**Q** 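Got a structure for you, questions after.
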Amino acid sequence: MHKTYEPQAIEETHYKRWEAAGYFAAGSGDDGFCIVIPPPNVTGTLHMGHAFQDTIMDTLTRYHRMRGVPTLWQPGTDHAGIATQMVVERQLNGEGKTRHDLGRDAFVDRVWDWKRTSGGRISDQLRRLGASVDWSRDRFTMDEGLSEVVRDVFIRLHDEGLIYRGKRLVNWDPVLRTALSDLEVLSEDESGHLWHFQYPLTDGSRTLTVATTRPETMLGDTAVAVHPDDERYQHLIGQTIKLPIVGREIPIIADDYVDPEFGTGCVKITPAHDFNDYEIGQRHDLDQINVLTDDAHIVSDMPEPFAGLDRFEARKRVVQTFESLGLLERIDDHTLKVPRGDRSGSVVEPYLTDQWYVRVGPLAEPAIAAVEEGRIRFVPENWSKTYFNWMNNLQDWCISRQLWWGHRIPAWYDDAGGIYVGRDEADVRQKHALADDVALRQDDDVLDTWFSSALWPFSTLGWPEQTAELKTFYPTTVLVTGFDIIFFWVARMIMMGMKFAGDVPFREVYIHGLIRDQDGQKMSKSKGNVLDPIDLIDGIELEDLVEKRTTGLMQPHLAPKIEKATRRQFPDGIPEYGTDALRFTFASLATNGRDIRFDLGRIEGYRNFCNKLWNASRFVLQATEGVDLDIAEASAGSLPERWIQSRLTQMVTEVDRQFARYRLDLAAQAMYEFTWYEFCDWFVELAKSTLYDDSAASPTKASMARTALETLDALLRALHPTMPFVTEEIGLKVAERLSLSRETLCTAPWPEAGTSDSEAEQDMTWLQGVIGGVRQIRGEMDIAPGKPVPVLLADANDEDGRRVEALEPLLSRLANLESLELVATSPEACAVALHDNLKLCVPMAGLIDVEKERDRLRKLLDKTSQDLAKTAGKLSNASFVERAPEAVVAEERRRAAEHQSTLERLESQLAEIEALAR
RNA sequence: GGGCGAUUAGCUCAGGGGUAGAGCGCCACGUUGACAUCGUGGAGGUCGGUGGUUCGAAACCACCAUCGCCCACCA
C-alpha cells in the first residue's frame, strides 16, 4: 500500500468491476428497498445538488443492500421538454437557423441526436460518484415503454373526465410561444409605473380616472368597475364610457372585487389579459377582446398605429396618445410583481387559448389523505405543511405545451371540431366508429414534462404490467429530493401513484437542503460560483477553473468579476479530494433539511479522514503480516480487544439508529469518532504493545491480530455505504488476510451490533484517565514527549492496584513512563493530576518548574471551586432537593462530594507547592 | 397578506429540561517503526433580545429584533 491515500488510483477500476459483476442489479423477494432517482435533465450535467442527493440515495441504498434486503436504485433521465428544446434551439440559432427552418420531424430528430450524445455524460458522472444504480434498468421518460404509459394514463384520465380541453386564460410565454403551468411562472418585485388615465363618460358629463400598470391592454377593455357600495360612483353604475383610442362604448359595472381604498377606486377591466378581470368578465358576461398575438404584438385589427406593435412599444404609444388627448392624469412610480417564465425569463402574458387541463380536485383528495393518515411521511415532518398548503389550494393543471419536444398529446380533431382521444389514429377511428374518409389531424401539442415525471415511480417498474419489480418495490421506500419540487413533482407523483398504481408511490419523502456556496449564495453560472463535483473529486488547475466559469456566460460582461473572485478564492486551484471524501462531506452535511454552505475546509478534513483510515489499515495489515491467526487463544482477549469490540458494537448501533431517521450527518459523525478517536488513537496504539512485541506469546499476538483485522473489517463495512471506494480497496485486502472469500463489500453483510462489555469500558476509561493525567502534566510542564517520566500513584484502592498490575505495560507505553510505583503518600515535590480517588504524581527532580505547577494548580483549583459552588448552590436550594427527581439530586450530591474531595486535595497540594516556591 | 425556517466558539454547524459539543482555524511542544493529509497538550461561548412556565431554560411558551425562503389575483 502507498504511504498516502491516492483516490484516483483506486476509484475507477472498482466501479467498472462492480458494474460488470452486477452487484447493483435489482434484488428479488418481498419487502424490497427501493429509491427511484429524481431523473435529471438528460441534456444537463450533474451539479453539486445532484451529487449531494445522489450521495444520500446511494448511501441508503448500499446500507440496505448490505443488510440483505432486496434493493433497487432505479436510474433514469428526464426529457425536460422546454429546457432541452431551448438548448437545441440555441445550437440552431448559432448556425443561423430556427427550428421552423428544419420543420417538426427534423427538429425532433435533431433533439434525439443531442440526447444520445449528452445523456452519457450524466451516466459517467453518476459512475464517478459511485452510484450503485441498476444500469440494466436505466430509463428515459421518452423511451418507448414510458411513452406508452404516458399515453395510456392520458387516455384513462380523459375517459374518466379528469382531463378536459378548455379555452381560458393561461400563462403564456410569448418568447417560447407556449402555455405554462402556474408553477412555471415566477413573480418578482420590479419597479414600474402606475399610469392614471381619464376615461370620459359617453354622455360627456365627466371622466373617470382609472389606474393601470398595463396601459396597452386598454385596447381590450370591456368595462370599468367600481365597488357597489362606493358612494362616489354609485350613481354612475350602468352608465357607459366611451373608450379612448378605440371608441368602444363600455359599461360601468359594480363588483366587490374592487378595493375602494386603492387608487381612485375605479378599475379598467380587460377580461382577455388579466386573471382577475377574466373572472369579473365571467360574472358580468363581458366580451373578451384579445389584443395580442402569440408573440405579444398588438393584433392587426386594432387601430393604427397600434396594430403590429410590440407590447412594450404599444405601451409607450398608448401613454403618448392619452397625453396628447389630455387624458393622462399622472404617472406614479410603482413596484409590482412581474410574472416571468422560469425558463425564458420573458414577461408572461395571461392569454386566451385552448389548452388541456387535468381536473386535480378528485386526484388531490386521496393524495391529501395519504399524508394526513401517515401512509406517506415527510422527513423533516414540517414539510407536510407546505404540501397541505398547496394541495388545498389547487388549480386545474394546464398540461399542454406548444412545443415540439415531448409526448405528443394523443388527441385527434376532425374538420367539424370533434375531438377524439385514443392510442393512435386507428384506435380513435375504431373507438368512435369514424369512417375512413373523415379527415383526422393529431393535436400538435405535447405534454408538460412533469406529466410523465408524475408517473415515474411506477412507470419505471413496468406498470401497467404486474411485474415482479412492481411487486417487490412498489410502493418505493423513500423519495429523496429538494423542497423546490414538492409541488412540481412530489405532489403529482402522489396523486398519480394513488390513482393508477393503487397505492402511495413512496412511504417517506426525505427533503434535503439546498447546496449553496461558502457565502450562502445559491450556486449559478451567472454568479460564477458554481462548483463541479467532478472538479472536487479530480481537482482542477486555477486557469482551467477560471476558463470554465467564464465561458458560455449569458452575460459576458460579468466575466472579469467572476475571474477575480475565483482567483481570490482558489489561488491554487482545487486539489484532488477524491469521491469518498466528497461523499463523506455530503453525508456530514446532511442535517435536517436546512440549506448547506459548502466549505472547502470541510472536504479537506474528510480527505484527511480517508488518509487516516488508509494508514491505520496499512498499520493493521503490516503489523499482522505473517501472524498465524489460527492459533489465537479462544479467550475473550486482552482489554484493548474487548474494549474496541464493545465500542464497535455501540458505534454500529448508533449508525443503525441514525440511518433509520435519515440523519446521515450523525451516522457519519459516529463513524468518524469511532475511527479516529477510538480505533486509531487508542486501539492501534495499544495493539502495538502486543503486535510489535517479538517475545509475545504467539496465541496472544494472534488474538490481537485477529481482533485488529476483524474490527477493521467491520469498520470498513460500516463505512462502505458512505465511502465505497477506499473501503473496498482496503476491505478486500483485509478479507483476504482473514481468509474470507469475499469479492466485494457492496454485498458484504452489514456489521452486526453485538453486546457491549461494560467492565472493559470501565477499565479502559481508567487507563485513559491515568494516561491523560500524565500527558496533561507533560504538556503543561513542557516535558519533552520523548523523555520518559517516573510516576507515583498515591491513594490507590484495591481496584487501582489490580488495574496497575494488569495494565502497567500499556500505561507505560502510551504515557511513556520511566517507572510506575504505588506509594502510600506522595512526596511534596511533585506535579499532580487527580483521577477519581487516584493521585498521580510526577516528582519534581529536574522535571517540574515549581511556579508553573503552582499556577497550574491554582487554575485547576479555581475551576473546581466554581464547579463546587454551582452544585452546592443547587443542593442548598430546598425546592430543588424536594422537587427534582431523586436520581438527579443523588447525582448532584455525588458531584458535590467529588468536587469537595478534589478541592481539598488540590488545596493541600497547592500548599505544599507554595511552600516550595518560597 | 399568509406560512415556514434560522440566530450556539473566529468560521461552518450538531445538540437539546439536569456541569455547553464537533470539524476547520488559533497557540505551545513534537519527525517514537500507520499517518506531518500526523501526534500530545491548550486557549476560546451570558447558546440574538425581553418576559413567562419550572426546583432547574441554551432547550418549552409568548413577544421583539435581524436574516432567509415559500405561497398569494390588489388595478
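The chains referred to below are lettered A, B, ... by the order of the sequence lines, with proteins before strands, and numbering in each begins at 1. All values derive from a computational prediction rather than experimental measurement.
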**Q** Tell me what A/R663 touches on the nucleic acid: a base, only sugar-phosphate, or nothing, going by heavy atoms under 4.0 Å.
**A**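 It contacts sugar-phosphate atoms only.
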**Q** Pick base, sugar-phosphate or nothing for A/F598, based on heavy-atom distances below 4.0 Å to the nucleic acid.
**A**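 Result for A/F598 = nothing.
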**Q** Within residues 181-193 of chain A, find the residues that approach RNA chain B with a heavy atom at under 4.0 Å, and present them sorted by residue number.
**A**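 Close to the strand, none.
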**Q** Considering every strand and a 4.0 Å limit on heavy-atom distances, what is the contact class for A/Q521: base, sugar-phosphate, or nothing?
**A**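 Answer is nothing: A/Q521 stays at 4.0 Å or more from every strand.
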**Q** Quick check on B/C35: is either OP1 or OP2 less than 4.0 Å from any side-chain nitrogen or oxygen of A/K3?
**A**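 Looking at the OP1 and OP2 atoms of B/C35, one of them is under 4.0 Å from a side-chain N or O of A/K3.
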**Q** Once you round it to whole Å, what is the distance between P of B/U12 and CD1 of A/I603?
**A**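 Value for this atom pair: 18 Å.
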**Q** Reading nucleotides 16-27 of chain B 5' to 3', which nucleotides get B (base under 4.0 Å from a protein heavy atom), which S (sugar-phosphate only), which -?
**A** --BBS-SS----
**Q** Determine the interatomic distance between C1' on B/C38 and the same-named atom on B/U46; round to the nearest Å.
**A**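 B/C38 and B/U46 have their C1' atoms separated by 37 Å.
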**Q** When we call it a touch if two heavy atoms are under 4.0 Å apart, what does A/F262 touch: a base, just sugar-phosphate, or nothing?
**A**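 Contact class for A/F262: base.
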**Q** Who passes ring pair (Phe, Tyr, Trp, His ring centres under 6.0 Å) against A/H227, sequence neighbours left out?
**A**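 Expected list: none.
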**Q** Which donor-acceptor pairs under 3.5 Å do the side chains of residues 600-610 of chain A make with protein atoms, sequence neighbours left out?
**A**
{"from": "A/R602", "atom 1": "NH2", "to": "A/Y606", "atom 2": "OH", "distance (Å)": "3.4"}
{"from": "A/Y606", "atom 1": "OH", "to": "A/S588", "atom 2": "OG", "distance (Å)": "3.2"}

**Q** For RNA chain B, please output the secondary structure as dot-bracket, reading 5' to 3'. Pairs are Watson-Crick or G-U wobble, both atom distances under 3.5 Å; mark crossing pairs with [ ], other-strand partners with |, unpaired with a dot.
**A** (((((((..((((....[..)))).(((((.......))))).....(((((..]....))))))))))))....
**Q** Atom CG of A/L621 to atom P of B/C35: distance rounded to whole Å?
**A**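 Computing the A/L621:CG to B/C35:P distance gives 14 Å.
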**Q** With a 4.0 Å cut-off on heavy atoms, is A/L666 in touch with a base, just the backbone sugar-phosphate, or nothing at all?
**A**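 If one applies the 4.0 Å heavy-atom cut-off, A/L666 turns out to touch the sugar-phosphate alone, with no base involved.
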**Q** Hey, does A/C266 reach any base, or is it just sugar-phosphate, or nothing, if we go heavy atoms under 4.0 Å?
**A**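 No contact.
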**Q** Report the residues that fulfil salt bridge (charged side-chain N to carboxylate O under 4.0 Å, His left out) with A/R894, sequence neighbours left out, ordered by chain and then residue number.
**A**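 With sequence neighbours excluded, A/R894 shows a salt bridge (charged side-chain N to carboxylate O under 4.0 Å, His left out) to A/E891, A/E898, given in chain and number order.
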**Q** Tell me the interatomic distance from A/Q622, atom CD, to B/C35, atom P, rounded to whole angstroms.
**A**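 One finds 8 Å between P of B/C35 and CD of A/Q622, rounded.
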**Q** With rounding to whole Å, what would you report as the distance between B/C27 and B/G15 at their C1' atoms?
**A**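 The same atom, C1', in both gives a distance of 28 Å.
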**Q** Could you work out, with side chain to side chain contact (heavy atoms under 4.5 Å, CB included) as the rule, every residue matching A/D836, not counting sequence neighbours?
**A**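 Once residues adjacent in sequence are excluded, A/D836 has no partner under the side chain to side chain contact (heavy atoms under 4.5 Å, CB included) criterion.
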**Q** Among residues two or more places apart or on two chains, list those pairs meeting salt bridge (Lys or Arg N to Asp or Glu O under 4.0 Å) that have a residue in residues 665-679 of chain A.
**A**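 Passing the test, one end in residues 665-679 of chain A: A/R647-A/E678, A/R663-A/D665.
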**Q** Rounded to whole angstrom, note down the P distance from B/A14 over to B/U31.
**A**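 Pairwise P distance, B/A14 against B/U31, rounds to 39 Å.
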**Q** Sequence neighbours left out, what passes ring pair (Phe, Tyr, Trp, His ring centres under 6.0 Å) with A/F52? Give chain and number order.
**A**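 Partners of A/F52 by the ring pair (Phe, Tyr, Trp, His ring centres under 6.0 Å) criterion, ordered by chain and then number, come out as A/H512, A/F586.
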**Q** Whole Å only: how far is the CG atom of A/D517 from the P atom of B/U12?
**A**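 So the two atoms are 12 Å apart, to the nearest Å.
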**Q** Choose from B/A36, B/A28, B/A75 the nucleotide whose nearest atom is closest to any side-chain atom of A/D259.
**A**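 For the A/D259 side chain, the nearest candidate turns out to be B/A75.
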**Q** Salt bridge between A/E729 and A/K733, side-chain N to carboxylate O under 4.0 Å?
**A**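 So A/E729 pairs with A/K733 through a salt bridge.
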**Q** A/V210 near the nucleic acid: base, sugar-phosphate alone, or nothing, with a heavy-atom cut-off under 4.0 Å?
**A**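 Counting heavy atoms under 4.0 Å across all strands, no contact is made by A/V210.
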**Q** With sequence neighbours left out, what residues match A/W390 under ring pair (Phe, Tyr, Trp, His ring centres under 6.0 Å)?
**A**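 A/W390: ring pair (Phe, Tyr, Trp, His ring centres under 6.0 Å) contacts with A/F487.
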**Q** Scan A/R607 against the nucleic acid and name what it touches under 4.0 Å (heavy atoms): base, sugar-phosphate only, or nothing.
**A**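 Base, at least one base heavy atom under 4.0 Å.
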**Q** Which atom pairs link the protein and nucleotides 40-43 of chain B when you take only N or O atoms and keep those under 3.5 Å?
**A**
{"from": "B/G42", "atom 1": "OP1", "to": "A/Q776", "atom 2": "NE2", "distance (Å)": "3.1"}

**Q** Nucleotides 1-4 of chain B: which of its N/O atoms have a protein N/O under 3.5 Å away?
**A**
{"from": "B/C4", "atom 1": "OP1", "to": "A/K385", "atom 2": "NZ", "distance (Å)": "3.2"}

**Q** Determine whether A/V318 and A/M218 make a side-chain contact, defined as any pair of heavy atoms from C-beta on separated by less than 4.5 Å.
**A**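 Sidechains of A/M218 and A/V318: in contact.
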